[in-house]
Amino acid sequence: MDSVNNEIAKIFSRIADSLEILDENGFKINAYRKASRNISSMPDSLEEFDGEKELSTIPGVGKDLSQKIIEHRLTGKIAYYEEIKKQVPDELAELLDIRGVGPKFLRTLVKRFGVTDIESLKETIANPDILEVDGIGKKKIEQISRSVEVFEGGKKRMRLTEVHPLATAIKEEIEEIPGVLKAELAGSLRRMRETVANIDIIASADDEAEVIEEFIALGFTKEVLRRTENSARILTQRGVRTDLLVVEPHCYGSALQNLTGSRSHNARIREIAAAKGLETDPMGIRNGKGYFSSEEEIYESLGLDYIAPELREDRGEIEAARAGELPALLEKEDLRGDLHAHSTWSDGASTIRQMADKAASLGYEYIAMTDHSPSSRIANGLSVKRLWQKKEEVEKINSEGRTIRILMGSEVDILPDGSLDYPDEVLRELDFVVASVHSSFLMEEEEMTRRICGAIENPNVDALGHPTGRLIAQREPYKVDIDAVIETARNHDKALEVNSSYKRLDLKDAHARKAIEAGVKIIVSTDAHRVQHLERIIFGVGTARRGWVKKTDVVNTYSLSRLLKWLASHDS
Ligand code: DGT
Ligand code: ZN
């Protein structure tokens with residue numbers, strides 16, 4: 001199926017919806033609907049129809065609609081459609097996606113109750129006056145209320161870390177559909193943005209329609225929101241909006257590049273493409289010969305080095321790619337160990353042995369077991385006595401002949417007065433110390449900054465854990481002068497953590513970038529509380545990559561001997 005057909009079909013259908021909401025002439029509405037249906041199901045591309053005369057031969061497409069198609073071809077826009085969108089804005093038209101809200105009902109909501117968007121619709125259906133509308137009963141309103149929840153569930157942004165496993169599972173099932181050659185995550189998930197609005201997946205196959213059919217029939221679908229010959233939008237059982245686009249292999253690169261975004265990155269890329277005489281259509285970028293089958297070819301033809309998805313935010317990556325100055329980004333495979341993990345000694349669910357074996361199976365050379373200190377009472381923090389018992393156990397396990405080395409560590413609380421939760425003579429005996437704030441979050445910035453910088457300055461501390469304390473979609477970061485923290489870390493050669501745990505991603509991308517630009521070292525760690533969590537390292541790696549972090553910036557890419565040397569340098 002052709003993407004221009006998709007685009008025009010979508011526009012015509014949106015015009016028909018809008019006209020219906022506006023209560024326009026039914027004949028006109030039907031004409032747009034019919035043309036939309038015919039265009040989306042016809043086998044030939046609209047591009048093969050030369051002029052108005054040829055276009056008029058398509059059933060349902062008369063003179064007027066042919067002119068609009070040509071206008072779109074020449075200018076990329078349809079003036080009438082732009083006009084319609086002013087009268088029926090997207091926030092209003094999209095309410096038709098709510099099950100049970102048809103154009104006629106929506107028209108009533110607009111005329112009698114002044115509905116303009118989802119908020120006013122919610123208010124209106126909560127108001128008993130709505131029951132005075134003919135044909136609207138309690139049952140219908142209850143049904144619509146439930147659909148509104150589903151609709152909103154599909155719209156709100158979710159944490160990357162929560163959606164990624166589902167997205168990967170869907171992608172893997174798509175890969176198993178007969179005829180599918182490739183499938184990949186696209187959109188914000190591929191860019192590893194910390195929150196995502198939906199799951200975007202792209203696949204290549206020769207028979208797109210068949211793949212769409214099979215995709216919808218997979219067990220994930222709760223509701224089909226939209227579908228065309230080569231695309232589908234579903235709500236999953238848990239209400240996550242999932243978009244699949246299937247393209248033929250020869251357009252895969254163009255479509256993947258387009259669907260990966262970000263919008264701002266792609267706007268710049270398109271300008272560069274246009275200047276080089278390349279065209280862009282709804283499928284993506286193409287040259288005289290056709291679409292691109294790989295992204296690499298696109299960037300190459302634009303005179304740019306290949307830009308990793310995590311960098312595509314128009315934050316300087318295009319200039320760097322042009323100058324051949326893109327960073328050699330950290331890769332998951334560069335990591336040789338995890339430096340922040342908990343065990344059953346504090347609040348973890350797995351034993352040190354289990355954590356060590358899992359770390360070894362990930363190919364690591366070392367893992368630091370950093371259980372909590374006593375002030376983290378809810379987290380079962382270790383008294384000094386238990387700390388020494390744990391140290392004995394670590395030494396015993398290390399003597400059992402594993403290839404992986406367990407570092408005896410602690411995640412020590414930074415107390416409100418800036419002191420640490422174990423005395424210096426205790427901390428001195430540990431291989432690795434990460435210091436974190438777990439209490440008294442509501443300090444003024446100056447006091448908090450002094451508290452944290454004081455901890456960084458302590459010679460027994462090697463790294464600062466989750467430096468800003470934010471929890472995505474839950475808790476704001478505490479007030480802290482991040483520049484002062486970076487400066488202090490640099491002066492004392494201490495590392496700042498990019499914590500991969502699912503609500504944290506802290507440092508966030510922009511702060512990680514600031515840190516490495518100042519020459520500060522990074523640790524990328526999981527803060528795992530059970531063996532499975534060690535696999536969440538991909539989110540820390542993604543966040544670090546979004547922060548332009550290179551392998552050479554990251555301490556846990558060091559070999560064990562180099563790491564031990566670096567750690568020892570703090571203890572003087
Ligand atoms: P999200 O879903 O808000 O987390 O972020 P994205 O980047 O995944 O955005 P999404 O799902 O709306 O679209 C995926 C990509 O497709 C987006 O990054 C760029 C491209 N795209 C989608 N809609 C448009 C559009 O209306 N105009 C342009 N230029 N590109 C679009
Ligand atoms: Zn998306």
Side-chain angles (χ1 to χ4, degrees), residues 3-4 6-11 13-14 72 75-78 81-82 85 89-91 93-94 97 151-164 166-168 170-171 183-203 225-226 228 230-236 239-247 251-274 278-286 291-292 295 298 307-315 317-318 472-473 505 508-509 539 542-543 546:
S3 58
V4 179
N6 269 349
E7 172 102 357
I8 297 289
K10 241 193 267 173
I11 292 175
S13 149
R14 167 78 157 80
H72 184 266
T75 67
K77 277 190 181 165
I78 297 173
Y81 176 48
E82 300 300 316
K85 278 205 285 191
D90 287 340
E91 304 84 70
E94 74 177 13
D97 286 340
F151 175 79
E152 290 205 297
K155 276 183 59 109
K156 71 171 194 287
R157 299 193 75 78
M158 300 155 283
R159 295 186 190 105
L160 166 74
T161 46
E162 287 168 316
V163 179
H164 198 278
L166 171 66
T168 306
I170 298 177
K171 186 205 80 162
E184 251 170 296
L185 303 183
S188 47
L189 269 166
R190 183 164 183 244
R191 304 198 312 278
M192 297 294 266
R193 201 176 149 186
E194 64 187 40
T195 62
V196 302
N198 72 324
I199 297 175
D200 297 289
I201 303 179
I202 178 164
L225 298 177
R226 204 170 284 170
T228 69
N230 71 338
S231 73
R233 165 171 297 175
I234 63 160
L235 270 192
T236 67
V240 181
R241 180 161 61 83
T242 302
D243 289 286
L244 173 66
L245 174 70
V246 188
V247 300
C251 344
Y252 189 73
S254 296
L256 177 62
Q257 198 283 332
N258 186 39
L259 205 65
T260 296
S262 67
R263 287 189 179 89
S264 46
H265 172 86
N266 280 356
R268 297 275 321 274
I269 290 293
R270 271 179 215 138
E271 275 172 29
I272 298 170
L278 303 185
E279 285 171 47
T280 305
D281 67 19
M283 175 75 88
I285 295 176
R286 58 180 194 176
Y291 294 103
F292 293 90
E295 282 189 327
I298 298 179
I307 300 175
E310 293 92 334
L311 296 183
R312 298 184 198 168
E313 300 287 351
D314 192 20
R315 293 178 184 157
E317 73 278 8
I318 292 170
I472 299 168
L505 303 183
K508 66 175 177 180
D509 50 10
F539 303 118
T543 303
R546 287 177 63 81

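Note that ligands are numbered from 1 as they come in the structure, with each ligand's atoms numbered from 1 the same way.
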As an exercise, state the distance from CZ of R233 to CG of D97, rounded to the nearest 0.5 Å.
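If I round to the nearest 0.5 Å, the distance is 7.5 Å.
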
Working to the nearest 0.5 Å, report the span between CG of L278 and CZ of F292.
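Interatomic distance, L278 CG to F292 CZ, rounded to 0.5 Å: 5.5 Å.
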
At a non-hydrogen distance cut-off of under 4.0 Å, which region of D243 contacts ligand 1 (side chain, backbone, both, or neither)?
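No part of D243 is near ligand 1 at this cut-off.
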
Checking contacts here: is it the side chain or the backbone of L259 that comes within 4.0 Å of ligand 1, counting heavy atoms only? Could be both or neither.
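L259 to ligand 1: contacts from backbone and side chain alike.
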
Could you please compute the angle at the Zn ion (ligand 2) from OD1 of N198 to OD2 of D200, rounded to 10°?
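OD2 of D200 and OD1 of N198 make an angle of 100° at the Zn ion (ligand 2), to the nearest 10°.
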
Carboxylate-amine/guanidinium contact R546 E194, below 4.0 Å
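Salt bridge between R546 and E194, a charged N being under 4.0 Å from a carboxylate O: no.
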
Strictly below 4.0 Å, N to O, side chains only: are D509 and R191 in salt-bridge contact?
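No, this pair does not count.
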
Heavy-atom contacts with [X] under 4.0 Å: which atoms of ligand 1 show up? List them by number with element.
| X | value |
| --- | --- |
| R191 | 7 (O), 18 (O) |
| N198 | 2 (O), 11 (O) |
| R157 | 1 (P), 3 (O), 4 (O) |
| G187 | 8 (O) |
| R270 | 29 (N) |
| T260 | 18 (O) |

Which atom names give the shortest non-hydrogen contact between G542 and E310, and what distance separates them?
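What the structure gives for the nearest pair is O-CG, 4.0 Å.
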
Atom of L256, atom of A186 and distance for their closest heavy-atom approach
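Of all heavy-atom pairs spanning L256 and A186, the closest is CD1-CB, 4.4 Å.
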
Evaluate whether atom NZ of K508 has more than 12 neighbouring non-hydrogen atoms of other residues, nucleotides or ligands under 6.0 angstrom away.
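Open: at most 12 neighbouring heavy atoms sit under 6.0 Å from NZ of K508.
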
Ignoring hydrogens and geometry, is there a side-chain-to-backbone donor-acceptor pair from D281 to G284 under 3.5 Å?
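Confirmed, D281 side chain pairs with G284 backbone.
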
Counting only heavy atoms, tell me which of R190, M158, R312, R263 gets closest to atom 12 (O) of ligand 1.
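Of the listed residues, R263 has the closest heavy atom.
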
Nearest neighbour of atom 18 (O) of ligand 1 from the list S188, G261, A255, P282, on a heavy-atom basis:
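The nearest heavy atom belongs to G261.
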
